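Keep in mind that this is a model prediction, so the values were computed, not measured.
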Amino acid sequence: GGYLLEQDGQPVDGGTTATVVALLQGHLLVVANVGDSDCLLGGKLEDGSIGFEQLCADHSPMSVDEYIRVAQLTVEMGDDWEPAIFAYDADDETHEIFSVSPDGVVAVDAEMAAKLDELGIGYKTARQDRPTALFVPESDAYGQQKLGMTRSLGDFYMHHHGACAEPAVSCIDLFDIVEQLERVTLVVATDGLWDLWTYKDVLAYPLMTEPPVSVPSLLSPMMDLIELTRSEGCEMFGEHADNITAIAVSFDSIRP
């Protein structure tokens with residue numbers, strides 16, 4: 001263990017996300033994720049429509065489970081410890097996402113959510129997700145810190161305030177999936193792709209190829225999607241457009 005250090009001896013303050021997929025025994029799909037690089041498993045239903053399942057856990061500041069996880073750290077960290085604030089990412093002041101009822105129930109603050117358009121806090125994705133972040137207020141030693149997810153690799157300062165690197169893990173038996181869907185396809189990608197599309201829009205690209213699926217026939221539509229995403233992202237965000245990494249895998253030939 002330890003920290004990666006800058007030339008001046010200070011720890012590097014940065015991090016990344018990770019989603020790892022492994023195929024075991026030819027049909028058990030294991031997915032582990034830290035952060036917001038999402039993973040979809042989908043295919044065609046009997047009526048020709050697209051069915052899918054999102055395989056990554058929600059490690060965004062909109063997650064009630066993550067809010068509770070961080071709040072519970074107070075017991076072991078002590079009274080002097082300050083958890084990160086779960087808030088909408090606005091430029092002016094802090095607008096917290098959650099409220100806690102007198103009996104301890106955590107929920108999205110409905111009153112605050114109703115004011116978001118008025119406050120100029122729009123949507124950051126095609127699925128109408130609001131921009132959110134973990135915030136740590138400015139201190140004598142550090143300026144205000146923020147992180148757009150609740151789990152990451154690195155980000156040592158935010159980890160001190162509740163973010164963590166523990167992955168969420170799920171296991172799916174593809175033998176069960178191929179009984180429900182045809183053209184079973186996995187797409188793993190960074191948020192540079194997911195932010196601009198609905199999940200079904202993404203899956204429509206690899207599923208447009210006709211079986212039998214080959215590497216070239218799968219690659220071509222995915223390249224078209226990435227180029228379109230890159231172009232749309234540059235138009236919408238200019239020099240702040242996110243980078244894109246994506247992998248598509250066909251499991252069309254897997255059968256019990």
Step by step, work out the side chain to side chain contact (heavy atoms under 4.5 Å, CB included) result for Val21 and Cys39.
CA-CA 9 Å; Val21 180; Cys39 178; 4.2 Å; yes
Keeping to residues at least two apart or across chains, list the side-chain hydrogen bond (donor to acceptor under 3.5 Å, both in side chains) pairs with something in residues 107-116.
none
So side-chain hydrogen bond (donor to acceptor under 3.5 Å, both in side chains) across residues 131-141, not counting sequence neighbours, yields none
Validation: residues 239-249 side-chain donor-acceptor distances under 3.5 Å, sequence neighbours left out:
none

Ring centroid separation His160 to Phe156 under 6.0 Å
no
For a side chain to side chain contact (heavy atoms under 4.5 Å, CB included) check, start with the C-alpha distance between Thr150 and Ser63, then their side-chain angles and the critical distance, and finish with the verdict.
CA-CA 9 Å; Thr150 60; Ser63 168; 5.8 Å; no
Is a side-chain donor-acceptor pair under 3.5 Å present for Thr125 with Trp194?
no
Tell me if a side-chain donor or acceptor on His161 pairs with a main-chain N or O of Glu82 at a distance below 3.5 Å.
yes
To the nearest 0.5 Å, what is the distance between CG on Leu134 and NE2 on His159?
9.5 Å
Just to verify, what does Ser60 make a side chain to side chain donor-acceptor pair (under 3.5 Å) with, not counting sequence neighbours?
Asp58
I'd like to know whether Leu29 forms a side chain to side chain contact (heavy atoms under 4.5 Å, CB included) with Leu55, so could you lay out the CA-CA distance, the side-chain angles of the two residues, the decisive distance to 0.1 Å, and finally the verdict.
CA-CA 10 Å; Leu29 194 69; Leu55 301 185; 4.1 Å; yes
List the residues meeting ring pair (Phe, Tyr, Trp, His ring centres under 6.0 Å) with Phe52, not counting sequence neighbours, and say none if there are none.
Tyr199
Name of the residue among Leu181, Leu23, Leu28 meeting side-chain contact (heavy atoms from CB on, under 4.5 Å) with Leu174
Leu23
Could you tell me which residues satisfy side-chain contact (heavy atoms from CB on, under 4.5 Å) with Glu235, sequence neighbours excluded, listed by chain and number?
none
Does one hydrophobic cluster hold both Tyr205 and Leu203, with members joined at side-chain heavy-atom distances below 4.5 Å?
yes
In sequence, state the C-alpha distance, the side-chain angles, and the governing distance for Leu228 and Trp197, and then conclude on side chain to side chain contact (heavy atoms under 4.5 Å, CB included).
CA-CA 11 Å; Leu228 181 58; Trp197 308 101; 3.5 Å; yes
Basic-acidic side-chain contact under 4.0 Å: Asp201, Arg127:
no
For residues Ile254 and Val178, report the shortest heavy-atom separation together with the two atoms involved.
O-CG1, 3.6 Å
How is the hydrophobic cluster of Val20 composed, in terms of its other members, when Ile, Leu, Val, Met, Phe, Trp and Tyr link through side-chain heavy atoms under 4.5 Å apart, directly or indirectly?
none
Value rounded to 0.5 Å, distance of CE in Met112 from OG in Ser99:
10.0 Å
Minimal heavy-atom distance between Arg151 and Glu166, with the atoms involved, is NH1-O, 2.8 Å
Listed partners of His27 passing ring pair (Phe, Tyr, Trp, His ring centres under 6.0 Å), at least two apart:
Phe175
Nearest heavy-atom neighbours spanning His59 and Gly35:
ND1-N, 3.1 Å
Which residue pairs satisfy the side-chain hydrogen bond (donor to acceptor under 3.5 Å, both in side chains) criterion with at least one member in residues 176-186, sequence neighbours excluded?
Arg183-Thr209
So, Arg130 side chain and Tyr88 main chain: donor-acceptor pair closer than 3.5 Å or not?
no
Within a reach of under 6.0 Å around CG of Asp80, are more than 12 heavy atoms found that belong to other residues, nucleotides or ligands?
no
Take the angle between the ring planes of Phe86 and Tyr67 and call it parallel below 30°, perpendicular above 60°, tilted in between.
perpendicular
Thr190 (side chain) donor-acceptor with Ser37 (main chain) under 3.5 angstrom:
no
List for me each residue that meets side-chain contact (heavy atoms from CB on, under 4.5 Å) alongside Ala126, sequence neighbours excluded, and say none if there are none.
none
Could you tell me whether the side chain of Gln145 and the main chain of Gly143 form a donor-acceptor pair under 3.5 Å?
yes
Partners of Arg69 by side chain to side chain donor-acceptor pair (under 3.5 Å), sequence neighbours excluded?
Glu66
Minimal heavy-atom distance between Leu153 and Ala165, with the atoms involved, is CD2-CB, 3.9 Å
Heavy-atom pair with the smallest gap, counting every atom of Gln54 and Leu40
CA-CD2, 3.7 Å
Please answer whether the main-chain N or O of Leu225 pairs with a side-chain N or O of Thr229 as donor and acceptor at a distance below 3.5 Å.
yes
Using a 4.5 Å side-chain heavy-atom cut-off and chaining through intermediate ILVMFWY residues, the residues clustered with Met223 come out as Leu219
Taking all non-hydrogen atoms of both residues into account, name the closest pair between Val108 and Ala113 and its distance.
CG1-CB, 4.3 Å
